Amino acid sequence: MGSNGGGTLKFLNRFDENELLNAYRVAVYSRTLDNRIINAQRQGIIGFHTPSAGHEIPQVAMGMLLEKDDIVINYYRDLTLLLFRGVPVENLLDHFLANSEDFSHGRNMPDHYNFREYGFYSVQSPVAMHLPFAVGAAYAKVMKKENGIVLSNTGDGGTSTGDFHAALNFASVWKMPIMFVIENNGYAISLPTSEQTKAPIEKKGEAYGIPGISFDGNDIFSALEGFIKAFEYVRTQRSPILVEARIYRMGPHSTSDDPKKYRKDEIVPGSSDDPLVKFKEKLKSLGILNEEFDNEIKKWATEDIERKLEERMKIPPPSKETIIYDVYENPTWIQEEERREWL
Amino acid sequence: MVTFKLPDIGEGIQEGEIVKWYVKEGDHVKKNDIIVEVMTDKVTVQIPSPFEGRVEKIYYKTGEIAKVGTPLVDFSTSESIKETQTNKSEYIQQVEAKEVKENLSEKPTMEYERVLAAPAIRKKARELGIDLSRINGTGENGRITTEDFNKYLSQMSQKKVEVSPAAMTTTSTKPAGKRFEMHGLRRLISEKMTKSKQTIPHFTVAEDVNVTSLVEIRENLKKSNYNISFTPFFVIASVKALKEFPYLNARCLEDGSYEILEYYNIGIAVDTPDGLTVAVVKDADKKSLLQLANEISDLAERARNNKLKLDEVKDSTFTVTNVGPIGGIFSTPIINYPEVAILGVHRVRDEPNGKFMYITLSADHRLIDGAMAARFIMKVKNYLENPITLLV
Amino acid sequence: MRQLNMVQALNEALDIILNTDPYSLLLGEDIGRDGGVFRVTDGLLQKYGKERVIDTPLNELGIVGTAIGMAAYGLRPIAEIQFQDFIFPAFDQIVNQAAKIRYRSGGKFNAPVIIRAPYGGGIKGGLYHSQSGESYFVHTPGLYVLTPSNPYDAKGLLLAAHKLNDPVIFLEPKRLYRSIKSDVPEGEYTIPVGKAKKLREGDKITIITYGSMVPTVLNVVDKNNLDADVMDLITLLPMDLDSIISSVKKTGRVVIVHEAPRTLGLGAEISALISERAIEYLYAPIFRVTGFDTPFPYANEEHYLPDEERILKYVRKSLEY
């Protein structure tokens, strides 16, 4: 490790080299896991996945600034952020595999994460449906006089929805301590952002009296700078803010999507335009990382993931009785009867 | 004179408080002049007069609560106020003229081969062994209504023997005989017996039972004021034997399969004025001699008076028929369909070496072979010849 | 005992809830300053303040969506939708969020939110102030659907709903808001969720109804001295099937009365349930007396709503079958 003796380099007056290195390691692990999951899907081991390649930088940046009491009302492309905040890989794999250890007994398609105990949300499919929910969560925090803020993220497509409109309006009228993060990766499945909306996303907040920030989410320092401002705002002003992180979705929308039908890959994974590669080069230039250590990280990630995947694959699928539970706190006679007759 | 009622001023409002009158009795008002201010839960409104005329009567004082739809003010007017006829549009008149008939079952009148009846009627008919196709349905498409069914039931319990002169196309010069049709119980019996004999391959096996001890026991019981007929003894003996020969306590099902029953409901054939009836003693294995005796006696009595309940004539698993008191040393009883066996007991004969009685067992040869029937009847005979064994 | 109408009874229930549960709150359009367009929330803003009685922007999606978030994080929100006819922008949030969050999170999240809405016609409301859309919600597992028919039940039912830990659609029959008064005890009491009430007892026929049609049905039965069991369902989901079946087995005849349109109204579900479990007890088909399969008309409202004549006609039809 070619550092200057450890822990003294202060970046943006906030972070030392260990934190940056940790962020990089999480990003690498996330990318490795992401690729492994896609392969597993092609192998028939996992049913579905929404890859997060290209989202790593803004998510580690958020992770570095989030505090324990903050709640993240997330969506289905937040693998990196989950890993950063400590969600165990085993739990993630159980969810992807939809086995009997999964928190929801395999009821969900993959990427419908739910890790409340790590400060996350229970992801649903309808896009941006969670934004008003996030505003409500913020209201609860304020009314109960709790610490922390609420962060809720979605993609550029999410800004077209009625939920986005309702959430920003209510958040502003109620003056909620909430950060809306738009991970603008250029596409909503096949629709480019230029056809999704004619307004610059950061400016959309103005319609609701909410300030907006936009930054290049492909560069770690640019992302950190932007987020530092945003978090500062929400924590001190206890008011909503709209953040746009401009990134690029390097993979398909999901394993059921083929981007070749509607675009040429503007950024190729692993090339010098890949933000993860740029992150590595940046750290190397700061003397925090070298090629050898980078290879060690990648090797460790690959092996760790492989080992854990093998282990979790041994766990059996959920029993069919689990269909009946958690509809209500306790099943009503209707579910009970159906269970008796059919399950 | 015309009465103006408090109109419905708002969504679901039922009443309002009179805040202020703008007119008093005797005043003349023009149309749309404000006459009163009313306050409700939701709004306070000023109400304009719908008429021109003189205020004759005011129904509420200031501060009172007026109910919507009740008289508020009486006006007398110079012009006659006619109720405006609702001028129905041409379209509506056409629609009304079309005679929209209320018809729930809009099927064209098809000829249904099936009998039409509600589920509960069908169930009752099944239980009573009634063939619904014999009932005349007065409902739509010939459906048997509840009334039709009940009428039929009450007819059944009447003795209906119609005698009609023989209007037959016969050139015979002999005097015409009495002709009658079967109704009610007679018809039921006719149908049941026919079905039983036509469906079940009957065979009968007989034994001669030494009933000397049994007769003595009966005499002794009589002396102690227990007047018990032979029948309860036969029931107990039969039940004990059935427990060892479960195939004889079975039922033939509609699909041709058999069901061995694990309960013992013994049918007791009773001769009534209307015909043969089988009353059922439920769970005979769980009853004592005295209980059986009382129950059988009670059932028979009520059977003769046509007072049996539906529950008491169904679900028997094995039948005992005793014509002994009347006469006959021997008979070949007909099985009480859908059971598989029936035990006939007869009159006591004085023989040189004691009192004897023939007992006969008719059985369904599809299920029961001669050997089993023979063994069964031997069992019954043994029990009856050693009555003490009936106690264990 | 003092007599209250349904608006007063509901108001009292909300007052009790806000008073005893510091995490409860109300939100909706015009519920604060205006006290609600039907005055159900009258006086509560003055008593409990803006944080607990919120006048929201005009957006049903936002009202229900934020309420669900509040409920998931420890508050007990009671959201008002001004008329059930306007609930549909929030339908996504109700069906996809509230009704499913417990299931998809394996119980880690739940949404104890009550969504109140006035429903039903009879107040000259036309197409958009008269709808009875209970079927949309009864068809969604994960929801409770409740509807009281009188002031006593209204207060007790709302207080009971507050104790449930899953989302409740609380439908208030608006034409009964002020037309009935009944004895309403002071203080807290609840009536059981999931239990129907037998309002009249008889042997010849079972009439099943709920909400706004209850007084009409009772009038028919009383005026004509009908020997009838009258069942007020109160809870539409989960319905009290046991009470229904035991009544049907006794009488063998059923008429179901509801205002909502016939097709896929609750009458259809109840018919199927009865025919599965008690068909051999039926002396007649199960008849339904319902609103027509049309949008709700304004001038001809009284002809749309099932009236005493129509109900009596089908009762007679059943009795004479």
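All of these numbers come straight from a predicted model, not from anything done at the bench. Proteins get letters first, then strands, A, B, ... in listed order; numbering begins at 1 in each.
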| request: Decide if atom CG of Leu264(C) counts as having more than 12 heavy atoms of other residues, nucleotides or ligands within a radius under 6.0 Å. | output: no
Inter-chain polar pairs, chain A versus chain C: which donor-acceptor atoms lie under 3.5 Å apart?
from	atom 1	to	atom 2	distance (Å)
Arg107(A)	NH1	Tyr103(C)	O	2.9
Asn108(A)	ND2	Arg104(C)	O	2.7
Asn114(A)	O	Lys108(C)	NZ	3.3
Asn114(A)	ND2	Ser105(C)	O	3.0
Arg116(A)	NH1	Lys108(C)	O	2.8
Arg116(A)	NH2	Ala72(C)	O	2.8
Glu117(A)	OE1	Lys108(C)	NZ	3.1
Glu117(A)	OE2	Lys108(C)	NZ	3.0
Tyr121(A)	OH	Gln97(C)	OE1	3.2
Tyr121(A)	OH	Gln97(C)	NE2	2.9
Tyr121(A)	OH	Arg104(C)	NH2	3.1
Ser122(A)	O	Arg104(C)	NE	3.0
Ser122(A)	O	Arg104(C)	NH2	2.8
Ser122(A)	OG	Arg104(C)	NE	3.1
Val123(A)	O	Arg104(C)	NE	3.3
Met129(A)	O	Gln93(C)	NE2	3.1
Tyr139(A)	OH	Glu51(C)	O	2.4
Lys144(A)	NZ	Tyr73(C)	O	3.0
Asp163(A)	OD2	Gln93(C)	NE2	2.9
Ile323(A)	O	Tyr103(C)	OH	2.9
Asp326(A)	O	Tyr103(C)	N	3.2
Tyr328(A)	OH	Gly142(C)	N	3.2
Tyr328(A)	OH	Leu143(C)	N	3.4
Tyr328(A)	OH	Leu143(C)	O	2.6
Glu329(A)	N	Asp166(C)	OD2	2.8
Glu329(A)	OE1	Asn165(C)	ND2	2.8
Glu329(A)	OE2	Asn165(C)	ND2	3.3
Trp333(A)	NE1	Met239(C)	O	2.8
Glu337(A)	OE1	Arg277(C)	NH1	2.7
Glu337(A)	OE2	Arg277(C)	NH2	3.0

| query | Given a strict heavy-atom distance threshold of 4.5 Å, which part of Ile71(A) is in contact with chain C: side chain, backbone, both, or neither? | reply | side chain
| note | Under 4.5 Å to a heavy atom of chain C? For Val150(A) that would be neither
| Ala72(C) versus chain A, the contacting section by heavy-atom distance below 4.5 Å | both
| Proximity breakdown for Ala137(A) and chain C, heavy-atom pairs closer than 4.5 Å | both
| Contact class of Leu143(C) relative to chain A, heavy atoms under 4.5 angstrom | backbone
| query | What part of Leu168(A) gets closer than 4.5 Å to chain C, counting heavy atoms only: side chain, backbone, both or neither? | reply | neither
| field | Taking every non-hydrogen atom, the tightest pair across Met143(A) and Pro22(C) | value | CE-O, 3.4 Å
| query | Heavy-atom distance under 4.5 Å to chain A: side chain of Leu58(C), backbone, both or neither? | reply | neither
| said: With chain A as the partner, which of Ile68(C), Leu237(C), Leu61(C) has the greatest number of non-hydrogen pairs under 4.5 Å? | reply: Leu61(C)
